[in-house]
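Keep in mind the model is a prediction, meaning the values are calculated, not measured. We number each residue from 1, following the sequence as shown.
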Amino acid sequence: MDHAADAHRTDLMTITRFVLNEQSKYPESRGDFTILLNHIVLGCKFVCSAVNKAGLAKLIGLAGETNVQGEEQKKLDVLSNEVFVKALVSSGRTCILVSEEDEEATFVDPSKRGRYCVVFDPLDGSSNIDCGVSIGTIFGIYMMKDNHEPTLDDVLQPGKQMLAAGYCMYGSSCTLVLSTGEGVNRFTLDPSLGEFILTHPDIKIPKKGKIYSVNEGNAKNWDGPTAKYVEKCKFPKDGSSPKSLRYIGSMVADVHRTLLYGGIFLYPADKKSPSGKLRVLYEVFPMSFLMEQAGGQAFTGKQRALDLVPTKIHERSPIFLGSFDDVEDIKALYAAEGKKE
């Protein structure tokens, strides 16, 4: 990359301009989706700013309450949740919001209601806040099924019905990765402009990768196919090099690396968590949507992840996602296990 030339570029593709360009392809579009995305972007900028000065502003530490998942809430978690709920409601384009931090779904007041349902994890990986590891916001957007009084069924749709999904990672730079169903694009926040600029258009995940990402601390509780797959990563029998293990423990950071470099991210079910640990609506679905849009795959151990039909807003699922060929390998192991039974 020619950084000197880059520094003098004047034709910048901001995220707003990008979304407006996409909107112009659909003559029937009324701009509602663009307005909604602008409010999500605003929420990401606010949280990015709060994360950057968390230590100074005494936002690091516990808020003294426990959220619906039984995890102790960090002060930044609480702040981030409030920011996104308020930004989404004030957009006037949403009808139902589902947040990791709230036990119940939020039904928007009829006077501010729109056609979209948004599911989100306002601050994923927040147990890493104090040690400076990258954390992020994950979101997915659905359209209401038809014009009626909103119900939970409007968000309990399979992931393949999502209109858009993305995440914003707060790390060494603030990065927003977005798909509206036409590929995956990465935007980077330019702090001097206060704008997200398109820096990595049309991301494609490598067909096969050299990295696997899993919490091996749970190995004694894994099922057969997962144990066999990780063994194969470490001790390949075909003469190929072993895969490298990279695991951060912040889903946004681990999936971001997998998307860029290829490989596989695993969070399987185990004896301790027979239904898996990650939440379907606002973790599994958005990340699976992005992986598929980038040419990868996402699998639950039983089926394509985006075909799952959730029955509860905080439902959990196992997940294996990443490079196409790597996910094929784990699918083959589960298929072989199924034939034995």
Side chain to side chain contact (heavy atoms under 4.5 Å, CB included) with Val255: of Leu260, Ile319, Leu321, only one passes, and it is Leu321

| said: Check Glu315 with Arg279, please: is the shortest side-chain N to carboxylate O separation under 4.0 Å? | reply: no

### Message
Taking the basic N atoms (NZ, or NE/NH1/NH2) and the acidic carboxylate oxygens, is any pair closer than 4.0 Å for Lys243 and Asp326?
### Response
yes

* To do: Check whether any side-chain heavy atom of Leu163 sits under 4.5 Å from a side-chain heavy atom of Thr180, and report yes or no.
  => no

Below 30° counts as parallel, above 60° as perpendicular, anything between as tilted: where do the rings of His314 and Tyr282 land?
perpendicular

- Query: Less than 4.0 Å between a side-chain N and a carboxylate O, is that true for Arg113 and Glu149?
  - Reply: yes

Yes or no on salt bridge (Lys or Arg N to Asp or Glu O under 4.0 Å) for Lys232 and Asp238, after CA distance, side-chain angles and deciding distance? CA-CA 9 Å; Lys232 188 178 160 190; Asp238 58 2; over 6 Å; no

To the nearest 0.5 Å, atom CD1 of Ile248 lies from atom CG of Asp254 at 4.5 Å

One thing to verify: whether Arg304 and Asp307 come together as a salt bridge, which I'm taking to mean a side-chain N less than 4.0 angstrom from a carboxylate O. yes

Discussion item. Within the 3.5 Å criterion, strictly below it, is a donor on Glu195 or Thr14 matched to an acceptor on the partner's side chain?
Written reply: no

Any Lys/Arg nitrogen of Glu328 or Lys207 sitting under 4.0 Å from an Asp/Glu carboxylate oxygen of the other? no

Do we see a donor-acceptor contact under 3.5 Å between the side chains of Thr226 and Tyr334?
yes

Handout entry: Plane angle bin for Phe18 and Phe187 - parallel if under 30°, tilted between 30 and 60°, otherwise perpendicular
Key = perpendicular

Heavy atoms of Gly262 and Ile211 approach each other most closely as O-CB, 4.2 Å

Rounded to the nearest 0.5 Å, the CG atom of Leu12 sits from the OG1 atom of Thr199 at a distance of 11.0 Å

Heavy-atom nearest pair, Lys45 first then Phe196, reads CG-CE1, 3.9 Å

Worksheet item: Is the shortest heavy-atom distance from the side chain of Gln303 to the side chain of Leu308 under 4.5 Å?
Response: yes

Can you classify the ring geometry of Phe265 versus Tyr247 as parallel (below 30°), tilted (30 to 60°) or perpendicular (above 60°)? parallel

Does a side-chain N-to-carboxylate-O contact under 4.0 Å join Asp202 and Lys204? yes

Review point. Ser244 and Tyr212: side-chain donor and acceptor closer than 3.5 Å?
Key: no

